[in-house]
Amino acid sequence: MPDASKKIISADKLLISIVVPVYNEEDAVSELHRRFCAVLDAQFPDYKFEFVFVDDGSRDKSLEKCKELSEQDNRVKVVELRRNYGQTAALQAGFDAAVGDIVVSLDADLQHFPEDLPKFIEKMEAGADVVCGWRHQRKEGIIRRWPSRVANWMIRKITGLEIHDVGTTYRAYRREILDDILILGEHHRFVPVFAKVAGARIEEVPIENIERPHGESNYGIGRTLNVFLDLFFLYFYTRYLVKPIRIFGKLALACGAIAGLITLYLAIQWLATGDPVVRTHSGLFVVGSLLYLAAVQFLIGGVTSELMVRQYFTDSGHKSYKVRNVWHKSED
């Protein structure tokens with residue numbers, strides 16, 4: 001850990017927001033806050049912090065516990081959602097409510113250690129835009145570990161994002177990166193991928209990870225299956241976001257090529273035998289016709305997607321690129 005007397009971030013009084021989604025964690029939130037305060041008092045005496053606890057429709061006393069913390073510590077902000085929307089929506093609500101120059105997110109279940117926070121801040125000070133936690137020695141059972149390893153490997157291959165652990169919520173972000181990202185569905189685990197597309201410098205640090213000491217896990221094998229389904233979206237998002245006609249065009253060409261081969265085969269059969277191939281090879285004829293139709297539909301979908309992308313970037317003010325710095329030598 002860094003020396004307590006040394007400023008870890010150079011900007012004076014830099015505000016760091018700690019965003020914590022909470023769902024049925026009444027036994028954990030007070031201890032999480034206490035441990036964070038111990039780290040902040042010892043390691044970051046010269047910097048400002050805020051806590052943003054987002055209650056995601058908890059059915060226990062989590063909201064009451066968070067409100068008690070806000071009464072005891074004016075750095076605590078509590079966001080109460082109307083119902084349980086899920087971790088992605090809770091994180092987005094926390095990001096929207098946070099006002100810090102750096103935003104740190106983590107789960108409330110104490111599987112993440114507040115004591116690891118200085119590792120993240122050191123990486124940010126060294127120039128990283130996003131720092132991801134890496135659960136290098138996971139303590140969960142094999143049912144959680146191995147599907148996660150396979151999913152992480154596939155995500156690295158599809159996106160080119162060379163970090164070991166995409167799934168953990170324990171991360172730190174620069175504010176301007178979050179301003180370029182909107183997470184929906186269950187895509188909170190893919191924020192580093194979206195940040196990479198936005199041009200962020202991404203680093204990772206090893207973190208401690210234990211079985212949750214309180215409550216029951218909301219994790220199930222169904223969530224792992226959802227990750228594999230989301231890989232199709234990630235492939236499109238990272239490779240074809242601003243050029244959708246490329247993937248739709250490839251699909252159209254593939255369908256058209258197969259349909260053309262079927263048509264050629266049927267034509268040769270008709271010329272060689274004189275048989276009514278539409279009737280004698282009706283199955284192939286139907287498949288070829290459907291493939292021609294699919295090719296046309298893929299082309300139309302590609303053109304429509306191209307128009308939608310251009311409308312999005314034109315009307316929303318978004319750009320297909322992000323500028324990190326502009327260097328200009330002024331005239332003497």
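What you see is a predicted model, and the numbers here were worked out from it, not measured in a lab.
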Residues in side chain to side chain contact (heavy atoms under 4.5 Å, CB included) with [X], at least two apart?
{"X": "Ile300", "result": "Val296, Thr304"}
{"X": "Gln72", "result": "Glu68, Leu69"}
{"X": "Arg83", "result": "Tyr85"}

> With ILVMFWY side chains joined below 4.5 Å, transitively, what does Trp134's cluster contain besides itself?
Replying inline: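 For Trp134, no cluster forms, as it stays isolated from other hydrophobic side chains.
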Could you pull out all residues at least two apart from [X] that satisfy side chain to side chain donor-acceptor pair (under 3.5 Å)?
{"X": "Glu203", "answer": "none"}
{"X": "Lys61", "answer": "none"}
{"X": "Arg34", "answer": "none"}
{"X": "His164", "answer": "Glu204"}

Quiz: residues 274-283 side-chain donor-acceptor pairs under 3.5 angstrom, not counting sequence neighbours:
from   : atom 1 : to     : atom 2 : distance (Å)
Asp275 : OD2    : Thr273 : OG1    : 3.3
Thr280 : OG1    : Pro276 : O      : 3.3

Donor-acceptor contacts under 3.5 Å from residues 258-271 side chains, at least two apart:
from   : atom 1 : to     : atom 2 : distance (Å)
Thr263 : OG1    : Ala259 : O      : 2.9
Thr263 : OG1    : Tyr292 : OH     : 2.9

> Residues in salt bridge (Lys or Arg N to Asp or Glu O under 4.0 Å) with Glu26, at least two apart?
Replying inline: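 In terms of salt bridge (Lys or Arg N to Asp or Glu O under 4.0 Å), with neighbours along the sequence ignored, Glu26 is linked to no residue.
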> Side chains of Asp107 and Thr169: do they bring a donor and an acceptor to under 3.5 Å?
Replying inline: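 Result is yes, a qualifying pair exists.
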What pairs of donor and acceptor atoms, side-chain ones from residues 91-98 against any protein atom, are under 3.5 angstrom apart with sequence neighbours left out?
from  : atom 1 : to     : atom 2 : distance (Å)
Gln92 : OE1    : Ile183 : N      : 3.0
Gln92 : NE2    : Asp96  : OD1    : 3.0

